[in-house]
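Worksheet for the structure shown next.
Naming: A, B, ... by sequence-line order, numbering from 1 per chain. Just so it is clear, the values below take in all heavy atoms, side chains as well, and ignore hydrogens, waters and symmetry mates.
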Amino acid sequence: MRVFRYGFLLRNLVVRDFKIRYRNMSLGVFWSLLNPLVMMGVLTFIFTKIFPNPSIKNFGVFVLCGLVPFNFFSLAWVSGTTSLLNNAALVKRVRLPREAVPVSVVLANGIHFLIQIGLLLAFVLGAGYGVNPHWLWLPLIFGLEVVFVCGLSLASSAMDVFFRDVRYIVESTNTVLFWLVPIFYSFAIIPEQYKTVYQFNPVAAVVMACRLILLENRQPPFSILWKLTLVSTVALLIGLAVFRRSKRRFADYL
Amino acid sequence: MASAIEFRHVSKIYYRHHTRRFFHRYLMERMRRVPREPFYALRDVSFELEEGGSLAVIGPNGAGKSTLLSLIAGLSFPDEGQVEVRGRVAGLLELGSGFHPDLTGRENLVVYASLLGLSRKELRDRFDEIVEFSGIGDFLDEPLRTYSAGMILRLAFSVAIHVDADIMLFDEILAVGDQAFQAACLDKIRELRRKGCTFVCVSHSSELLKRLCTRGIWLEGGQVVRDGPVAEVIEAYQLSLVAHAHSAGPGRG
């Protein structure tokens with residue numbers, strides 16, 4: 001994997017992206033926390049006051065378990081997709097390993113993801129759930145999600161150079177996924193015949209695993225783990241292949 | 001002496017609608033094989049530049065000068081012919097690409113150095129030297145948007161020449177610097193040339209080119225019009241401009 005030989009460059013690009021986003025903002029990183037908190041508040045209001053669902057206790061924490069992985073997924077994927085166009089001057093005029101552009105943007109979003117995971121864990125502990133040994137699975141699960149988004153973004157950013165519509169396809173997909181990922185409903189109420197399909201969606205798998213670990217003190221089942229690993233790895237390999245095939249022509253189209 | 005850069009019958013073709021090619025157009029082209037109108041940015045260009053040589057590329061706007069540089073830099077690839085480049089390439093193809101106005105000079109310096117391929121250790125060893133040559137001084141920790149174009153150039157140039165490249169490319173940027181900095185650049189470039197570094201420069205400033213380079217190539221319409229000692233090529237190019245201005249009509253030139 002060529003990407004990983006350029007650690008210093010990658011690190012600098014990640015830090016650059018992160019700094020640019022928050023420079024000149026008085027609230028800075030606080031924005032990273034505000035969005036999931038607002039969404040949590042709204043969804044909790046709707047599903048405890050308007051469509052009450054008594055089968056789920058601690059709805060706020062429950063929904064946050066879904067929102068945090070989903071937020072990372074959707075933001076990182078969109079910004080990863082547009083990364084080559086947004087850095088056109090760089091891609092066109094500086095010789096750098098071009099994979100580093102989308103990957104660094106996804107990893108910069110990964111920093112926000114870490115902050116939001118911190119927020120999530122704080123809420124979990126605040127709601128009275130304790131720390132359990134299954135927490136050790138969390139880095140692997142979240143890490144696989146990052147790998148998955150890197151793969152998707154490598155492919156979609158390369159395609160976005162040639163067809164600028166890709167960005168809108170990605171955004172629409174995210175809107176649809178908000179409903180198809182069990183964010184405000186639980187995996188248990190999904191009809192049996194759809195459950196397997198759901199597990200193949202890495203974002204849904206991360207949400208499910210996250211809830212099992214944090215809220216139910218259970219080890220995530222093997223069926224989720226292997227599907228998550230499989231889909232993420234395949235996504236990364238396909239992403240790298242698509243990127244490599246088209247990167248020679250980037251400078252001509254940007 | 002071995003050649004550092006070798007172009008063998010190189011053509012670079014762009015097609016119309018390149019920037020506005022949407023998916024449906026792509027599908028249509030694929031299915032109906034609509035003939036696309038080719039535009040030759042470079043056509044059958046051949047030359048060889050020896051190690052340690054210095055080449056000035058001149059010609060009017062749209063002659064293919066920048067395309068030539070991006071082929072050497074490995075940023076784009078020829079549609080016909082072969083380009084061979086031996087050694088590490090660094091260059092300034094556009095002022096400030098890779099720089100961000102909200103970051104400080106120091107932060108931009110670090111990012112830019114790593115973009116040009118410096119490792120953490122190389123940067124640590126050369127950091128002070130880069131800062132000193134740039135002459136940025138107290139502005140190092142100010143955001144880049146407070147810099148003048150000349151200061152951005154000094155920073156970018158200073159990073160680029162400390163990369164230890166075998167081949168350096170400059171596209172029409174040195175003209176931004178003031179006299180003193182230009183003189184410092186020329187000294188530095190001469191020093192690098194003595195060490196065997198190869199240079200390719202694009203500029204409209206013939207004075208600068210004559211002082212920097214020994215060889216010249218005049219490009220026009222993507223083709224080599226003339227290739228030879230820099231003073232001769234520049235003179236021929238300027239004569240053609242004068243002749244063209246005269247033939248364009250009375251009262252001009």
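Salt-bridge annotation for A:Arg93 and B:Asp171: absent, with no side-chain N of the basic residue lying under 4.0 Å from a carboxylate O of the acidic one. Checked for salt-bridge contact, B:Glu107 and A:Lys19 meet the test: a charged N lies under 4.0 Å from a carboxylate O.
B:Gly98 and A:Leu90 make their closest contact through CA-CD1, 3.1 Å (heavy atoms, listed as atom of the first residue, atom of the second, distance). Residues A:Val91 and B:Leu75 approach most closely at O-CD2, 3.9 Å, considering heavy atoms.
Applying the ring pair (Phe, Tyr, Trp, His ring centres under 6.0 Å) rule to pairs touching residues 90-126 of chain B yields B:Phe99-B:Tyr112, sequence neighbours excluded. Within the structure, the salt bridge (charged side-chain N to carboxylate O under 4.0 Å, His left out) test picks out the following pairs touching residues 148-166 of chain B (sequence neighbours left out): B:Arg126-B:Asp164, B:Arg154-B:Asp178.
For residues 62-72 of chain B, an interface with chain A (any heavy-atom pair closer than 4.5 Å) does not exist.
Heavy-atom neighbours of B:Arg86 CZ from other residues, nucleotides or ligands within 6.0 Å: above the threshold of 12. The number of heavy-atom neighbours closer than 6.0 Å to CZ of B:Phe181, taken from other residues, nucleotides and ligands shown, is above 12. Within a 6.0 Å radius of CD in B:Glu142, more than 12 heavy atoms belonging to other residues, nucleotides or ligands are found. The number of heavy-atom neighbours closer than 6.0 Å to CG of B:Asp138, taken from other residues, nucleotides and ligands shown, is 12 or below. Remark: A:Trp31 CH2 is loosely packed, at most 12 non-hydrogen atoms of other residues, nucleotides or ligands lying under 6.0 Å away.
Interface summary for chain A: among B:Val89, B:Leu93, B:Leu123, the most heavy-atom pairs under 4.5 angstrom belong to B:Leu93.
The distance from the OH atom of B:Tyr14 to the OH atom of A:Tyr253 is 10.5 Å, given to the nearest 0.5 Å. In this structure, the separation between OG on B:Ser76 and CG on A:Asp252 is 5.0 Å, given to the nearest 0.5 Å. Distance check, rounded to the nearest 0.5 Å: CZ of A:Arg95 to CG of B:Leu169 gives 10.0 Å. To the nearest 0.5 Å, atom CG of residue A:Leu13 and atom OG of residue B:Ser114 are 6.0 Å apart.
Counting only distance, with no hydrogens or angles, the side chain of B:Arg120 and the backbone of A:Phe8 share no donor-acceptor pair below 3.5 Å.
Every residue meeting the ring-ring contact (aromatic ring centres under 6.0 Å, His included) condition with A:Phe142, not counting sequence neighbours, appears here in chain and number order: A:Phe113.
For chain B, no part of A:Val166 is nearby; none of its heavy atoms comes within less than 4.5 Å. Contact of B:Leu118 with chain A is made through the backbone alone, with heavy-atom distances under 4.5 Å. Both the backbone and the side chain of A:Leu9 come within contact range of chain B, each with at least one heavy atom under 4.5 Å from a heavy atom of that chain.
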